[in-house]
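Following: one structure in structure tokens, then a few remarks.
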Protein chains: 2
Amino acid sequence: MSATIADIAKATGYSTATVSYALRGNPQVKPETAAKVREAAARLHYQGNASARSLRLGRSNVIAVAVHDLALPFSAELAHAISVALAPRGYQVFAQQTLFTGSNEETVLRELDHQFCDGTIFCSGELKPEQMKKITGSKPLVILDPSQPTDLYDSVYTPGHDGVYAAVSHLLSTGRRRIVAMGVAYRPYERIHDLTDVSSTRLTGCMDACRDAGVAFGPDNTAVPAQWTVEGAYDATMRLLDEGREFDAVYCLSDTVAIGVMHALHDRGIAIPDDVAVAGFDGIEAGRSAFPPLTTAAVDFDRLAATLADLLLRRIETPDAPIETRTANFTLEVRSSTRQ
Amino acid sequence: MSATIADIAKATGYSTATVSYALRGNPQVKPETAAKVREAAARLHYQGNASARSLRLGRSNVIAVAVHDLALPFSAELAHAISVALAPRGYQVFAQQTLFTGSNEETVLRELDHQFCDGTIFCSGELKPEQMKKITGSKPLVILDPSQPTDLYDSVYTPGHDGVYAAVSHLLSTGRRRIVAMGVAYRPYERIHDLTDVSSTRLTGCMDACRDAGVAFGPDNTAVPAQWTVEGAYDATMRLLDEGREFDAVYCLSDTVAIGVMHALHDRGIAIPDDVAVAGFDGIEAGRSAFPPLTTAAVDFDRLAATLADLLLRRIETPDAPIETRTANFTLEVRSSTRQ
DNA sequence: ATGAAAGCGCTAACAG
DNA sequence: CTGTTAGCGCTTTCAT
């Protein structure tokens, strides 16, 4: 068992109060006393007990970050960026994954974050805000890309519509006309233009870009991978080619999907971008070093992380502050996958 | 503020003891009582306080995982695999990054894991085991790839020597003769063959493979990127080409390095594998979907994670068990980057 | 079957 | 400048 302040008190002859003060650097303690205490603490390999401290103080200076899957580049880069953003502000980040299942999301919200951590940054999945609210009560939480607009939590959106609009407009401006949007099934514009979930906003961004360029966009302009993964996209692309669908560009609703698409095109001997241009969304590192380097609507991870951190810390410090909703920004990174 | 068991006790008229029993499913409580308590708990949105529980019990069922950088594929995939391995065993995983700096490593060890978590899986960085021991005391910890052999902690090694040996032997067996090992500076065999750090074991694996094939391996067969990153490897490869070094294969000490190398070769119009074959180490997903798909000595992440988890849980349950050292296994994944 | 009470380790009034 | 003490929320003897 690790040493406690009581052990140090015993060893030095001071009270636990004085030891605590000394260890926390309270200027009231005589320097000499403080030195003795610190010496004893070092000698006994004293390590403060976070549970006790957090129980007493009601805070731990720990923030939980729940991403979809730690192994997915978007999640991984986001978790990294949030850790980096919060470190200088005195918070340590604990990252967890929900693996897209509602039960894991519940666990994350219920079991621990909510109890030990001062707040949570939560990448939205299956659970709806109302369901989450029942679990988290008044604990500070910020949602990334909530599946529906909410005034229950501060929330931040990735720039799905505008990012996709910019990327698809770029494809159209380079002369592409037969675009396949890879990621989600076609739904009529009227049914989705006011939805805020990731799939819908990205799809409407694509539709708006086509419409503004006078290019038709219908069910034949979409393809649906089983999942937004490299394999899912690879298989979906192969199916597309087997069906004989004709297209001169694939706009992928995520960079991961784009990597799978390019893999499939390579395997079929289709030149990128000469035969088919490919572009994505997210701005993950893997796109930069893909072959060819992937054009993408790149979310600014650092600023996104900073925004999430700002909102959460504000909520922690000012629980009654008005709920805010923000949208992250992006940069259209034009690389060789669309540039001839 | 969240409801406590005292609130439930007040609401139901039972004592906090009974409430606690009921909530934990103690069979002694009358079913009717338990039902009432659970009802009140739900109504009050009760959430147990992890700090209090952990303070009382001396354990939290949380394991800390400290990786180098959450955004790096190897770290990310490992953290993912460990989370998956520990979930069914009743442990939640908190992932953190050390960013290769000793001070962050200290923070991770000192500030929190060590205090709130029941144990730590630690990817070795700057700190030496003795230094770590001073901080962690008797808290359960398992090291991945310690920089030097240690009997202070259970430890697991990635199969650096054997994996590289297999991969380089494969390169040689396909007729390659002028191999550049990209990742670490040349050091004479005698000076490193008994070291156990990642760089040394991988380099000796390469040397042994060459020697056994009767191929010379000297300082000219190595190249050193500034870091084991895509950019570092890209730049190092460009320098190599600018210098006019001749080679027909690059063996990269990590897959991430390999991706940077292939990027540079593409940019210079060098065909892979026709002009130069490329192979790596790790087995990250990105290698599978790279162009061309990367041959690599693939660590079995799931089994590595299971081994780390096994050792840590054993240490938690049996603190005095003898220290163990294990080595993970690998599979040589031969893909197009070396196959003509 | 339920309750009273102690105590995990720590911090912060408050007192001296 | 230092000590006494209460109590954060929980679990668990030990009584009843």
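Residue numbering restarts at 1 for every chain, and letters A, B, ... go by the order of the sequence lines.
- Remark: C1' of D/dG3 and CD of A/Q28 are 13 Å apart, rounded to the nearest angstrom.
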Does the salt bridge (charged side-chain N to carboxylate O under 4.0 Å, His left out) test come out yes or no for B/R314 and B/D154, once each step is laid out? CA-CA 10 Å; B/R314 190 190 58 132; B/D154 298 297; 3.2 Å; yes
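- Among the nucleotides D/dG3, C/dG9, C/dT2, the one closest to any side-chain atom of A/Y14 is D/dG3.
- Backbone-only engagement by B/T33 is indicated by non-hydrogen atom pairs under 4.0 Å involving sugar-phosphate atoms exclusively.
- Between A/N49 atom CG and D/dC10 atom P there is a gap of 16 Å when expressed in whole angstrom units.
- In this structure, the CZ atom of A/R59 is 13 Å from the C1' atom of D/dC8, given to the nearest Å.
- In this structure, B/G119 and B/L312 approach most closely via the heavy-atom pair C-CD2, 3.9 Å.
- Among the atoms of the strands shown, base atoms are found under 4.0 Å from some heavy atom of B/S20.
- In this pair, A/F74 and A/F301 present their aromatic rings tilted. The plane angle is within the 30 to 60° band.
- Within the nucleic acid shown, A/S54 has no heavy atom closer than 4.0 Å to any nucleic acid atom.
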Audit row: B/R89, B/D310, salt bridge (charged side-chain N to carboxylate O under 4.0 Å, His left out) steps and yes/no: CA-CA 10 Å; B/R89 304 175 74 160; B/D310 285 346; 2.6 Å; yes
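- Atoms CG (A/L55) and C1' (C/dT11) sit 11 Å apart, rounded to a whole Å.
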Tell me, with the steps shown, if B/E130 and B/K134 meet salt bridge (charged side-chain N to carboxylate O under 4.0 Å, His left out). CA-CA 6 Å; B/E130 312 93 78; B/K134 287 210 183 90; over 6 Å; no
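- A side-chain donor-acceptor contact under 3.5 Å links B/H80 and A/Q97.
- Separating the CG atom of A/L23 from the C1' atom of C/dC10 is a distance of 11 Å, rounded to the nearest angstrom.
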Output one line per pair: protein atom, nucleotide atom from nucleotides 4-7 of chain C, and distance, for all N/O pairs under 3.5 Å.
{"unit_1": "C/dG7", "atom_1": "N2", "unit_2": "B/R56", "atom_2": "NH1", "d": "3.1"}

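- Residue B/E32 contributes atom CD, which lies 8 Å from atom P of C/dT2 at whole-angstrom precision.
- When heavy atoms are screened at a 4.0 angstrom cut-off, A/L57 is found touching the sugar-phosphate backbone but no base atom.
- B/Y14 places no side-chain N or O within 3.5 Å of a backbone atom of B/A22 that could act as its donor or acceptor partner.
- Distance CG (A/N26) to P (C/dA12): 9 Å, rounded to an integer number of Å.
- Closest-nucleotide positions on DNA chain C for B/A52 and B/V29 were compared, and the one nearer the 5' end corresponds to B/V29.
- Atoms NZ (B/K10) and C1' (D/dG9) sit 13 Å apart, rounded to a whole Å.
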